[in-house]
Amino acid sequence: MTPRTALVTGGTRGIGLGVARVLANDGWNLILVGTRPATEVAGVLDELTAGGRIADYLAADLGNRADRSRLAEEINRRYGAVNALVNNAGRAPRVRADLLDADEDSFEELVRTNLQGPYFLSQAVARAQVAQRRADPAFAACLVFITSVSADHASLNRGDYCVSKAGLSMTARLFALRLAPEGIPVFEVRPGIIATDMTSAVKEVYDRRIADGLVPAQRWGRAEDVGRAVAALLRGDVPYATGTILHVDGGLSIPRL
């Protein structure tokens, strides 16, 4: 198989790293994007390239327009069209605040990072993919948006996060509709309660809630669970299904009485 390249945002930790590990094992070459200096992710790159795959790192803040524009130009210059974009980068609110007390600074930060960043990065990547497929119809391309159960589960102390993820869910739907005629599938993956550094601060809370039956599977999700779902979509294991929402949440989203 011709080596394929996947661009994974937020790919050096948490869910993004889980995705990157599975894709590397599947034979993908990787471009990882994050905000940390390259020296801090050297160990991750060494791990991912141990099997002979290529893993590059580009530092950029996707919530910053200038950074995002520079990133898109650099990707185009160095790699051309990538086969896959996994929009994973995102952040939680710095402070969980009641809906009546939350401030605009947090709202703006989350919308820029969790919604505006992937929206316009996807636009840039999709333009290159469309051009490449028109020149070479054998070129395989795909977009994946990693959202959250918070796209439709309301949390009154994380309204800004919920709004950003709901918007990202609609973004996935829009790109799926626009790119379907171009032969480029687009998927949304909705993780549930996943054990990462982002959720470590609320571990005790969700340990109790999971024990009380919140998650039918009765365990935390793992980053690898999400990674395996993304890998299946990028392999083409779920054909004729563009626009699909894949829940990776242990049954959390199943309506119950």
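In terms of heavy atoms, Pro93 sits closest to Tyr161 at CD-CB, 4.0 Å. A pairwise comparison of heavy atoms in Val144 and Val189 identifies CG1-CG2, 3.9 Å as the closest pair. The minimum heavy-atom distance between Ile194 and Thr199, with the atom names listed, is O-OG1, 2.7 Å. When all heavy atoms of Leu110 and Ala92 are compared, the closest pair comes out as CD1-O, 4.0 Å. Considering all non-hydrogen atoms of both residues, Ile210 and Gln218 come closest at CG2-C, 3.8 Å. Pairing each heavy atom of Glu188 with each of Ala172, the nearest pair is CB-CB, 4.1 Å.
Using a cutoff of 4.0 Å between basic side-chain nitrogens and carboxylate oxygens, Arg91 and Asp61 are not scored as salt-bridged. Ion pairing of Arg190 with Asp249 is absent here, as no side-chain N (NZ or NE/NH1/NH2) approaches a carboxylate O to less than 4.0 Å.
Cluster annotation: Tyr57 is not connected to Leu71 through the hydrophobic network of ILVMFWY side chains, with a link wherever side-chain heavy atoms come within less than 4.5 Å.
Between the side chains of Asn83 and Trp28, no donor-acceptor pair of N or O atoms lies under 3.5 Å.
A donor-acceptor pair under 3.5 Å is formed between the side chain of Thr242 and the backbone N or O of Val186. With Ser69 contributing its side chain and Ala66 its backbone, the two residues share no donor-acceptor pair below 3.5 Å. With Gln129 contributing its side chain and Val82 its backbone, the two residues share a donor-acceptor pair below 3.5 Å.
The OG1 atom of Thr147 sits 8.5 Å away from atom NE2 of His247, with the distance rounded to the nearest 0.5 Å. Thr12 contributes atom OG1, which lies 9.5 Å from atom CG of Asn88 (distance to the nearest 0.5 angstrom). Note: Ile245 CD1 to Asp152 CG = 7.5 Å, rounded to the nearest 0.5 Å. Distance CZ/Arg228 to CG/Asp26: 10.5 Å, rounded to 0.5 Å. In this structure, OG1 on Thr5 lies 11.0 Å from CD1 on Ile75, to the nearest 0.5 angstrom. Remark: Ser148 OG to Asn114 CG distance equals 9.5 Å, nearest 0.5 Å.
Heavy-atom neighbours of Ile54 CD1 from other residues, nucleotides or ligands within 6.0 Å: at or below the threshold of 12. Heavy atoms from other residues, nucleotides or ligands lying under 6.0 Å from CZ of Arg209 number 12 at most. Heavy-atom neighbours of Arg219 CZ from other residues, nucleotides or ligands within 6.0 Å: above the threshold of 12.
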Decide side-chain contact (heavy atoms from CB on, under 4.5 Å) for Glu109 and Arg94; before the verdict, give the C-alpha distance in whole Å, the side-chain angles of both, and the deciding distance to 0.1 Å.
-> CA-CA 10 Å; Glu109 180 179 44; Arg94 296 182 188 275; 2.6 Å; yes
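By the salt bridge (charged side-chain N to carboxylate O under 4.0 Å, His left out) test, Arg70 pairs with Asp67, Glu74, sequence neighbours left out.
Side-chain atoms of Trp220 and Asp207, non-hydrogen and from C-beta on, do get closer than 4.5 Å to each other. Counting only heavy atoms from C-beta outward, the side chains of Arg36 and Arg13 approach each other to under 4.5 Å. Side-chain contact check for Leu214 versus Leu252: some heavy-atom pair is nearer than 4.5 Å. A 4.5 Å side-chain heavy-atom check between Ser150 and Arg158 finds at least one atom pair inside the cut-off.
Between Phe145 and Phe175, the angle of the ring planes lies from 30° to 60°, which puts this pair in the tilted group.
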